[in-house]
Student: 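Please see the structure below; I have some questions.
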2 protein chains.
Amino acid sequence: MDAVRVALVNDYEVVARGVAEMLRTYRNRIHVVELDLNKQVGEHVDIALYDTFAATRGDRSEVRDLVSNPLVGVVVVYSWTLEPVHIESAMSNGAGGYISKGLPAAGLVSALETIRAGGKQLHLEQEDAQTVIVGDWPGREEGLSEREAEILALITQGLSNAEIAERTYLSINSIKTYIRNCYRRIGADSRTNALLWGIEHGFRPDRVRI
Amino acid sequence: MDAVRVALVNDYEVVARGVAEMLRTYRNRIHVVELDLNKQVGEHVDIALYDTFAATRGDRSEVRDLVSNPLVGVVVVYSWTLEPVHIESAMSNGAGGYISKGLPAAGLVSALETIRAGGKQLHLEQEDAQTVIVGDWPGREEGLSEREAEILALITQGLSNAEIAERTYLSINSIKTYIRNCYRRIGADSRTNALLWGIEHGFRPDRVRI
DNA sequence: GCAAGGTTCACCCTTTGGGGTGAACCGCTC
DNA sequence: GAGCGGTTCACCCCAAAGGGTGAACCTTGC
């Protein structure tokens, strides 16, 4: 059982250094191979720890690039956000794990080990953590149905009712119905308030084009 | 000219460690006295480096608490966001400096030294940096007038035209005019798109209640 | 002094959003 | 099989948003 070889992927010196330092104490279990800003991974690593930088970055394309890199074993996303949308999108882009930045150093280390061993992929909270089901969608706990959440997500991207109808292949009347129900459930009384609610509840995709 | 005594203030282990590690190389110039998560500053320090954690935190109250702490010389905000609103609000809350997290380690070190010496308070870009005037408002560089920016800020908080009119003591027609001009300038064609633009350009206050 | 640009407002009009109701269909559960 | 809840849609109606125009007033700068 040798140390997990990890490459850190992040644009910013502070973040990359922080992670490296956090792992330094555990250098017998975790070996930080590369600590590069933008640069390519040079030698084989078990895990590429992809730092999403407070959810403003973390694009699919970058994760995909890493996944397709033959030198990288598993791509693990390391993020502040625990929103199901982000987790789901990361996983569907080929990530082999998702770790919360809220974890203390020890948690990060054991999470990395577990993931390399092929165990649990999601490491979101301290230890116990009420297991997060991947089949979840944002807003579920607020009583939003899947469709309603979908519509709200599209609102959160700035689409009009007509555009939403077009994209979902639904009639504009159905869209209106969903929006009405949505508002009732989240307690919004306008599109803008719904949008803000959506943003605060993780409905925003990684990169929104306006 | 002895080392600058710095206390790091941040909730998260990764971030605090990252900064500490970044400064470790410069330990002859910067001495990290405390690296505490939430805890109080125990001994006197020149600078409390307050980490706003990607602008999701960074409330006035926390900065004020630090400012009022007799053991703290100057409170310096260390943040990713370079948006004038945030900078202004930080400074008006008593911060004695504002440093961008985009700076490399060396930049951070010299910024801290400059601030302790009573020099330039804002350290936002690499070196040169077109000096950011504190009298600025968000969206200025996009051609928004002060009024337009104000209206946009209120939109970004989810207010309706009527509510904006009420709050600004302007007629609803004027509000509409400003909004129209606003949309033209930022290239939005709907309220929701304007809202998203606003959020991406720092128009959102620290904590928005919906 | 006048052009430029910001501020303020009014009046017009069209489109969009949002609320209410009713109704059909589906699958699930008790 | 009756009921519940989600999905889908239609029709109506009203309020809000948005776009155009014109116009008054005020600075500031050439």
Side-chain angles (χ1 to χ4, degrees), chain A residues 84 133 135-199 201 203 210, chain B residues 84 133 135-199 201 203 210:
Chain A
I133 307 105
D136 250 12
W137 60 83
R140 180 172 212 169
E141 53 283 2
E142 281 84 7
L144 290 181
S145 77
E146 215 166 342
R147 259 299 192 217
E148 286 160 0
E150 187 191 358
I151 305 299
L152 183 54
L154 294 170
I155 286 182
T156 308
Q157 280 166 53
L159 302 192
S160 68
N161 290 353
E163 289 169 325
I164 294 173
E166 205 180 324
R167 192 173 293 196
T168 55
Y169 302 106
L170 293 174
S171 96
I172 192 150
N173 290 306
S174 303
I175 303 300
K176 286 182 172 191
T177 303
Y178 289 127
I179 291 178
R180 269 198 302 278
N181 293 334
C182 226
Y183 287 5
R184 242 190 295 269
R185 289 203 223 278
I186 68 176
D189 66 330
S190 74
R191 202 181 192 76
T192 44
N193 283 326
L195 202 161
L196 290 171
W197 190 97
I199 286 171
H201 289 78
F203 276 75
I210 315 180
Chain B
I133 307 107
D136 250 10
W137 60 83
R140 180 171 212 168
E141 52 281 5
E142 281 85 8
L144 290 181
S145 78
E146 213 164 346
R147 258 302 190 214
E148 287 159 359
E150 187 191 357
I151 305 297
L152 183 54
L154 294 171
I155 286 181
T156 308
Q157 281 166 53
L159 301 191
S160 67
N161 290 354
E163 289 168 325
I164 295 173
E166 205 180 325
R167 192 175 291 198
T168 54
Y169 302 105
L170 292 175
S171 97
I172 192 147
N173 290 306
S174 302
I175 302 301
K176 286 182 173 190
T177 303
Y178 289 127
I179 291 178
R180 268 199 301 279
N181 293 335
C182 228
Y183 287 5
R184 242 189 296 268
R185 289 203 224 277
I186 68 177
D189 67 330
S190 73
R191 201 180 194 78
T192 45
N193 283 327
L195 203 163
L196 290 171
W197 190 96
I199 285 171
H201 289 78
F203 276 76
I210 314 179

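The sequence lines fix the lettering, A, B, ..., with proteins before strands; numbering per chain opens at 1.
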Student: Any side-chain heavy atom of A:Thr177 within less than 4.5 Å of one from A:Arg147?
Tutor: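 No - every pair of side-chain heavy atoms lies 4.5 Å or more apart.
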
Student: Does a distance-only test, which skips hydrogens and angles, find a donor-acceptor pair under 3.5 Å between the side chain of B:Arg147 and the base of C:dG6?
Tutor: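 Per atom types, no contact qualifies.
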
Student: Looking at A:Ser174, I'd like to know whether one of its side-chain N or O atoms comes within less than 4.0 Å of OP1 or OP2 on D:dC9.
Tutor: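 It does, given that an N or O in the side chain of A:Ser174 lies less than 4.0 Å from OP1 or OP2 of D:dC9.
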
Student: For the side chain to side chain contact (heavy atoms under 4.5 Å, CB included) test, which of B:Leu159, B:Leu154, B:Ile151 pairs with B:Ile175?
Tutor: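 Testing B:Ile175 for a side chain to side chain contact (heavy atoms under 4.5 Å, CB included) against B:Leu159, B:Leu154, B:Ile151 leaves exactly one candidate, B:Ile151.
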
Student: Could you state the atom-to-atom distance from CG of A:Asn173 to P of C:dG18 in whole Å?
Tutor: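 Computing the A:Asn173:CG to C:dG18:P distance gives 14 Å.
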
Student: Between A:Arg184 and A:Leu159, just flag the one whose closest nucleotide in DNA chain C comes earlier from the 5' side.
Tutor: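 Result of the comparison: A:Leu159.
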
Student: Answer with base, sugar-phosphate or nothing: what part of the nucleic acid does A:Leu170 contact at a heavy-atom distance below 4.0 Å?
Tutor: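 Since only primed, P, OP1 and OP2 atoms lie under 4.0 Å of A:Leu170, the category is sugar-phosphate.
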
Student: Hey, does the side chain of A:Thr177 come within less than 4.0 Å of D:dT7's phosphate (OP1/OP2), counting only N and O?
Tutor: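 The answer is no; no side-chain N or O of A:Thr177 sits under 4.0 Å from OP1 or OP2.
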
Student: Could you tell me how far apart A:Ile179 (CD1) and C:dG19 (P) are, to the nearest whole angstrom?
Tutor: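 Going from A:Ile179 (CD1) to C:dG19 (P), I get 10 Å.
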
Student: If you check the A:Lys176 side chain, which of C:dG17, C:dC9, D:dC9 turns out closest?
Tutor: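 Among the listed nucleotides, the one closest to the side chain of A:Lys176 is C:dG17.
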
Student: Please report, rounded to the nearest Å, how far the C1' atom of C:dG17 is from the CD1 atom of A:Ile164.
Tutor: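 These atoms are roughly 11 Å apart.
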
Student: Once rounded to the nearest 0.5 Å, what's the spacing between atom CG of B:Leu196 and atom CZ of B:Arg191?
Tutor: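 Taking CG in B:Leu196 and CZ in B:Arg191, the distance rounds to 13.0 Å.
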
Student: Expressed as a whole number of angstroms, how long is the span from A:Ile175:CD1 to C:dG17:C1'?
Tutor: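 Whole-Å distance recorded here is 13 Å.
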
Student: Rounding to a whole Å, what distance do you find between A:Ile151:CD1 and C:dG17:P?
Tutor: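 Rounded to the whole Å, the gap is 13 Å.
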
Student: Between A:Asn161 and C:dT16, is there a contact of a side-chain N or O with OP1 or OP2 at under 4.0 Å?
Tutor: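 The answer is no; no side-chain N or O of A:Asn161 sits under 4.0 Å from OP1 or OP2.
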
Student: Can you identify which nucleotide, out of D:dG18, D:dG6, D:dG19, has its nearest atom closest to the B:Arg191 side chain?
Tutor: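 When the side chain of B:Arg191 is considered, D:dG18 is the closest of D:dG18, D:dG6, D:dG19.
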
Student: What is the distance, to the nearest angstrom, from the CG atom on A:Asp189 to the P atom on C:dG19?
Tutor: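 So the two atoms are 8 Å apart, to the nearest Å.
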
Student: Within the pair B:Tyr178 and C:dT8, is there a side-chain N or O less than 4.0 Å away from OP1 or OP2?
Tutor: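 For B:Tyr178, the contact criterion (side-chain N or O under 4.0 Å from OP1 or OP2 of C:dT8) is met.
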
Student: List the atom of B:Tyr183, the atom of B:Ala194, and the distance in Å for their closest heavy-atom pair.
Tutor: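 Where B:Tyr183 meets B:Ala194 most closely, the heavy atoms are CE1-CB, 3.5 Å.
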
Student: In this structure, how many angstroms lie between the P atom of D:dT8 and the OH atom of A:Tyr169, rounded?
Tutor: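 Value for this atom pair: 14 Å.
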
Student: Once hydrogens and angles are ignored, does a donor-acceptor distance under 3.5 Å link the base of D:dG18 to the side chain of B:Arg180?
Tutor: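 No, no donor-acceptor pair under 3.5 Å.
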
Student: Measure CG/B:Asn181 against P/C:dT7 and give the value in whole Å, please.
Tutor: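 Value for this atom pair: 10 Å.
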
Student: For the side chain of B:Arg185, counting heavy atoms from C-beta on, which of C:dA10, C:dG6, D:dC11 is nearest?
Tutor: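 Shortest atom-to-atom distance from the side chain points to C:dG6.
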
Student: Over all heavy atoms of both residues, which pair between A:Ser171 and A:Ala165 is shortest? Give the atoms and the distance, please.
Tutor: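 Of all heavy-atom pairs spanning A:Ser171 and A:Ala165, the closest is C-CB, 4.1 Å.
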
